[in-house]
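First the proteins, then the strands, lettered A, B, ... as listed; each starts at 1.
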Amino acid sequence: MVNPDLVTLTLPDGSCREYPGGVTGADVAASIGKRLARAAVAVTVDGATVDLTRPITHDAAVAVVTADSDAGREVLRHSTAHLMAQAVFDLFPGAKYAIGPAIADGFYYDFELPGGAHFTDTDLERIEARMRELAAEDQRFVRREYGAGAGLDLFADQPYKAEIICNVTAGEAGPDDAGEVVGDGTVGVYENVRPDGTVAYFDLCRGPHVLSTSRLGAFKLTRVAGAYWRGDEKRQQLQRVYGTAWEDQKALDAHLHRLAEAEKRDHRRLGVELDLFSFPEEVGSGLAVFHPKGGTVRRLMEDYSRQRHAAAGYEFVSSPHITKSQLFETSGHLDWYADNMFPPMELDGGTDYYLKPMNCPFHILIYRHRTRSYRDLPMRLFEFGTVYRYEKSGVVHGLTRVRGMTQDDAHIFCTRAQMVAEIQTALSFVLELLRDYGLDDFYLELSTRPEEKAVGSEEEWAEATEALRSAAEPMGLELVIDEGGGAFYGPKISVQTLDAIGRNWQMSTIQLDFQLPQRFDLHYVGADNERHRPIMIHRALFGSIERFFAVLLEHYAGAFPVWLAPAQVSVLPVADRHHAYAFRIVDRLTAEGYRVELLDAHHDTLGKRVQRARSEKVPFVLVVGDEDAEEGTVGVNERGVEAVRRGVKVDDFVEQLAVQVIERS
RNA sequence: GCCGGGAUAGCUCAGUCGGUAGAGCAGCUCACUCGUAAUGAGCAGGCCAGGAGUUCGAAUCUCCUUCCCGGCUCCA
């Protein structure tokens with residue numbers, strides 16, 4: 001006989017317990033253990049995460065969500081966002097609030113301040129101080145539910161909240177709204193209630209939230225920024241405050257430490273420290289110059305890439321940086337891409353010349369130079385092509401977002417029958433190449449037809465998108481759909497790469513294009529002696545050399561593997577009398593094709609020179625003294641290895657070096 | 001492009017109330033000749049991003065431009 005007043009709850013370990021009907025998550029946690037009750041921030045009931053105060057009225061699978069889980073941190077962060085909004089209302093009466101979700105590692109909240117005011121960095125401190133006061137007040141988070149009409153009344157003077165309610169009740173909830181309102185037309189509201197019962201703050205919200213503001217404490221506001229309402233640059237720009245929040249101070253400190261570590265491997269910082277490249281103000285925004293060491297790494301990257309491309313059946317071509325406007329009229333770039341192009345130069349009595357933003361039209365002209373047979377296909381034209389794109393001033397960022405860049409660009413002309421196989425070959429090729437450079441964590445993204453900027457029929461887009469998908473699926477990698485992210489002439493697959501500290505970068509792109517062959521009226525003569533339209537595949541594997549350089553630099557934290565390191569070996573004579581021997585080592589290694597530098601003993605102590613070579617992240621530091629000169633040995637300091645190996649035979653060292661270069665380790 | 005914050009020696013940064021510029025590291029010279037994470041002394045280095053304005057006087061206050069940083073939007 002089932003007792004109707006009892007509910008049976010199944011816990012994550014599979015055990016079942018009976019509780020009175022209406023029991024709450026907080027009660028359940030408390031019944032299991034004190035420590036769990038303290039750590040609890042929410043509870044999942046049959047998979048849905050709800051407040052600890054929500055009564056449970058039927059049998060269910062229940063799991064307590066603790067603060068130190070991903071789901072728990074999300075609750076903490078969302079609750080901290082509410083706390084922040086409350087602090088902002090206290091300090092800026094009349095502020096309007098928009099949305100305030102939890103995000104990776106933190107949260108933000110968007111506001112419109114009265115009189116169009118802006119937050120400053122000192123406001124950040126004031127807001128944070130106020131948040132700590134409010135947290136200490138121990139305000140309870142209390143959930144209320146309203147109908148759509150009552151909800152609208154509640155937010156009558158809050159236009160952004162009202163818009164969200166209207167959208168949701170009209171069934172047009174965007175992804176951002178999902179965090180704010182429950183989906184069934186009920187308007188969820190959370191109140192922050194002071195111990196004396198008065199309401200300090202209320203917000204439109206789906207929840208769940210922690211029990212009380214006193215649970216919040218390990219947080220820090222990090223930055224202020226402008227952000228467009230609903231991410232639309234045509235709409236109101238709001239003031240956004242970012243913050244981070246964690247289960248305890250220790251976790252917060254660890255997060256801040258990780259940020260500091262990530263900053264140390266920022267490629268812009270390492271570029272200066274290791275003397276690799278710079279952005280002279282005299283040249284212009286987003287235009288890099290590579291110094292000798294950076295130039296060496298770049299050359300090595302390119303050399304290996306060329307070698308691999310030659311082996312993969314690519315032919316090498318070259319094209320100029322500027323061209324008459326007509327080429328980009330034919331290609332459609334001036335219709336669809338003009339915003340990203342530098343303005344034209346008028347030459348030769350009125351002819352406009354443009355800097356090229358892409359290489360494809362040139363490769364097309366090479367293809368079109370003579371009649372092509374089906375026997376010529378697939379035709380794979382490769383070029384390190386330098387392109388110029390007029391990026392908006394606010395988006396330029398180190399080497400990852402520049403206005404002048406070199407792409408390892410190729411265009412494959414093939415038949416429709418060949419296209420899926422060609423895409424697959426290109427995908428396998430890029431993954432193999434990226435692995436050779438030390439990257440091995442990827443997922444794929446399939447970008448579909450852009451809503452506004454697209455040429456060609458829906459059918460062609462659908463066919464091209466399907467071809468990409470069918471080529472991508474056998475790769476065994478996660479495939480994420482990026483709706484509307486394609487280029488104007490076709491859909492694309494991009495390879496997203498995760499680096500050593502888990503950040504993801506978009507690099508390689510493979511794009512399928514039915515349009516440009518039509519616009520340029522390309523054809524080939526088939527076995528049937530008829531003319532046919534070829535398909536074009538655009539692909540860049542590094543994406544751009546600049547961005548790939550930046551990714552490798554950050555991935556390796558400046559410590560390039562031996563095969564890529566600008567200097568592979570530093571030779572340090574202990575004293576002047578060892579210079580002759582040191583030079584012999586240098587000469588031998590140089591003759592064998594290694595990049596070697598000598599740090600002589602004229603000026604600095606040995607310790608100083610060791611320190612210098614290490615700070616330059618040279619893979620091998622060789623110290624040579626009396627014993628070495630007599631025995632034909634070197635003292636080997638290997639980067640990342642604590643112990644020094646003394647008395648290593650030069651031949652043995654050279655062999656080790658050779659192995660590491662060949663293995664690209 | 002939009003919002004906010006910046007720019008002082010090659011690098012990292014001081015510079016108070018508006019009174020004409022300072023350190024450490026790097027560089028150069030000299031001494032030291034050294035077996036593993038900074039030897040010592042000395043020298044040199046600045047149109048205080050650029051321009052205009054306010055002022056007796058501007059690194060400092062105001063405006064404009066350039067460039068950088070953090071976001072938004074966009075992207076290889």
Side-chain angles (χ1 to χ4, degrees), chain A residues 108 110 113 116-124 222-242 266 268-269 272-273 275 278-287 339-340 357-358 387 389-403 405-409 447 485 487 492 494-495 505-509 511 538-548 550-551 572-579 600-615 621-628 634-637 642-644 646-647:
Chain A
Y108 66 80
D110 287 347
L113 297 182
H118 303 292
F119 288 125
T120 65
D121 287 344
T122 46
D123 291 335
L124 215 58
T222 48
R223 54 184 56 109
V224 294
Y228 300 104
W229 170 232
R230 295 200 176 281
D232 183 344
E233 65 179 328
K234 293 182 190 69
R235 303 194 66 172
Q236 176 78 28
Q237 189 165 47
L238 305 171
Q239 290 290 301
R240 176 171 296 179
V241 180
Y242 282 96
D266 186 310
R268 294 166 299 183
R269 177 193 180 115
V272 173
E273 283 176 6
D275 196 15
S278 62
F279 291 90
E281 192 180 329
E282 295 86 338
V283 180
S285 182
L287 298 167
D339 286 351
N340 284 294
M358 294 187 194
V387 298
R389 298 183 182 175
Y390 185 75
E391 298 292 347
K392 289 189 284 186
S393 61
V395 308
V396 172
H397 181 93
L399 286 177
T400 61
R401 198 72 186 276
V402 292
R403 284 178 168 169
M405 60 172 157
T406 302
Q407 297 182 302
D408 60 330
D409 206 4
S447 301
K492 71 179 178 195
S494 53
V495 179
W505 304 87
Q506 176 179 334
M507 294 187 303
S508 318
T509 59
Q511 303 176 351
H538 306 239
R539 40 111 297 179
L541 306 187
F542 292 158
S544 77
I545 295 178
E546 287 77 6
R547 179 177 289 181
F548 194 63
V551 171
L572 281 55
V574 170
D576 281 352
R577 65 179 179 280
H578 309 118
H579 278 180
D600 68 45
H602 291 313
H603 303 291
D604 295 317
T605 58
L606 182 62
K608 179 70 173 289
R609 287 175 286 143
V610 168
Q611 196 265 339
R612 174 181 305 215
R614 290 188 183 205
S615 72
V621 178
L622 303 184
V623 173
V624 294
D626 290 328
E627 299 163 22
D628 296 298
V634 291
V636 177
N637 301 260
E642 273 296 316
V644 177
R646 291 278 299 270

Sugar-phosphate only, base, or nothing, as touched by A:Val387 at under 4.0 Å among non-hydrogen atoms: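 The residue A:Val387 makes no contact with any strand.
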
Sugar-phosphate, base or nothing in reach of A:Met507, heavy atoms under 4.0 Å: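 Here A:Met507 touches the backbone only, sparing every base.
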
A:Arg403 (side chain) donor-acceptor with A:Glu391 (main chain) under 3.5 angstrom: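 At least one qualifying donor-acceptor pair exists.
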
A:His602: ring-ring contact (aromatic ring centres under 6.0 Å, His included) partners, not counting sequence neighbours: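 Checked A:His602 against ring-ring contact (aromatic ring centres under 6.0 Å, His included); matches are A:His579.
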
Partner residues of A:Tyr242 under the ring-ring contact (aromatic ring centres under 6.0 Å, His included) criterion, sequence neighbours left out: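 A:Tyr242 satisfies ring-ring contact (aromatic ring centres under 6.0 Å, His included) with A:Tyr108 once adjacent residues are dropped.
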
Partner residues of A:Arg223 under the salt bridge (charged side-chain N to carboxylate O under 4.0 Å, His left out) criterion, sequence neighbours left out: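 Applying salt bridge (charged side-chain N to carboxylate O under 4.0 Å, His left out) to A:Arg223 gives none.
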
Any residue meeting salt bridge (charged side-chain N to carboxylate O under 4.0 Å, His left out) with A:Glu281, in chain and number order, not counting sequence neighbours: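 Scan of A:Glu281 (salt bridge (charged side-chain N to carboxylate O under 4.0 Å, His left out), adjacent residues dropped) gives none.
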
Protein-nucleotide distance (A:Phe279, atom CZ; B:C68, atom C1'), rounded to Å: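 Rounded to the whole Å, the gap is 11 Å.
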
Whole-Å gap separating C1' (B:C48) and CD (A:Glu281):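 Spelled out: CD on A:Glu281 to C1' on B:C48 is 14 Å.
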
Rounded distance in Å between the [atom1] positions of [N] and [M]:
| N | M | atom1 | value |
| --- | --- | --- | --- |
| B:C67 | B:U8 | C1' | 15 Å |
| B:G10 | B:G45 | P | 12 Å |
| B:C48 | B:A21 | P | 10 Å |
| B:C28 | B:A44 | P | 16 Å |
| B:A9 | B:C74 | P | 37 Å |
| B:A59 | B:G22 | C1' | 13 Å |
| B:G19 | B:U55 | C1' | 12 Å |
| B:G57 | B:G53 | P | 12 Å |

For [X], check side chain to side chain contact (heavy atoms under 4.5 Å, CB included) against everything at least two apart and list the hits.
| X | value |
| --- | --- |
| A:Val272 | none |
| A:Gln237 | A:Tyr228 |
| A:Val387 | A:Lys356, A:Asn359, A:Arg389, A:Met405, A:Gln407 |
| A:Arg614 | A:Val610, A:Asn637 |

Reading 5' to 3' through nucleotides 34-40 of chain B, protein heavy-atom contacts under 4.0 Å coded B for base, S for sugar-phosphate only, - for none: BBBBBB-

Contact pattern, 5' to 3', of nucleotides 70-75 of chain B - B, S or - by protein heavy atom under 4.0 Å: BBBBBB

Earlier contact from the 5' end, RNA chain B, for A:Ser544 and A:Arg612: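 Taking each residue's closest nucleotide, the earlier one in sequence belongs to A:Arg612.
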
Step-by-step side-chain contact (heavy atoms from CB on, under 4.5 Å) determination, A:Thr400 to A:Trp505: CA-CA 9 Å; A:Thr400 61; A:Trp505 304 87; 3.5 Å; yes

Matching residue for A:Val634 among A:Val623, A:Val621, A:Val624 - test: side chain to side chain contact (heavy atoms under 4.5 Å, CB included):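 Among A:Val623, A:Val621, A:Val624, the one meeting side chain to side chain contact (heavy atoms under 4.5 Å, CB included) with A:Val634 is A:Val624.
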
Helical stems, RNA chain B - three or more consecutive Watson-Crick or G-U wobble pairs below 3.5 Å: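 Ordered by first number, the stems with RNA chain B (at least 3 consecutive pairs each) read B:1-7 with B:66-72, B:10-13 with B:22-25, B:27-31 with B:39-43, B:49-53 with B:61-65.
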
[N] phosphate, OP1 or OP2: any side-chain N/O from [X] under 4.0 angstrom?
| X | N | result |
| --- | --- | --- |
| A:Thr509 | B:A76 | no |
| A:His118 | B:G4 | yes |
| A:Ser285 | B:C68 | yes |

N-glycosidic conformation, B:C17 - syn within 90 degrees of 0, else anti: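 What B:C17 shows is a syn base, its glycosidic angle lying within 90° of 0.
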
Between N or O atoms, less than 3.5 Å apart, protein on one side and nucleotides 9-14 of chain B on the other: list the pairs.
none

Close side-chain approach of A:Leu399 to A:Phe279, heavy-atom, < 4.5 Å: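 They are in contact (side-chain heavy atoms under 4.5 Å apart), so the answer is yes.
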
Salt bridge present between A:Asp266 and A:Arg268 (N-O < 4.0 angstrom):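 A salt bridge is present here (some side-chain N lies under 4.0 Å from a carboxylate O).
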
SB check A:Lys392 A:Asp339 (cutoff 4.0 Å):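 No, no charged N to carboxylate O under 4.0 Å.
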
Where A:Gly485 and A:Ser447 come nearest, the two heavy atoms and their spacing: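 In terms of heavy atoms, the two residues are closest at C-CB, 3.4 Å.
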
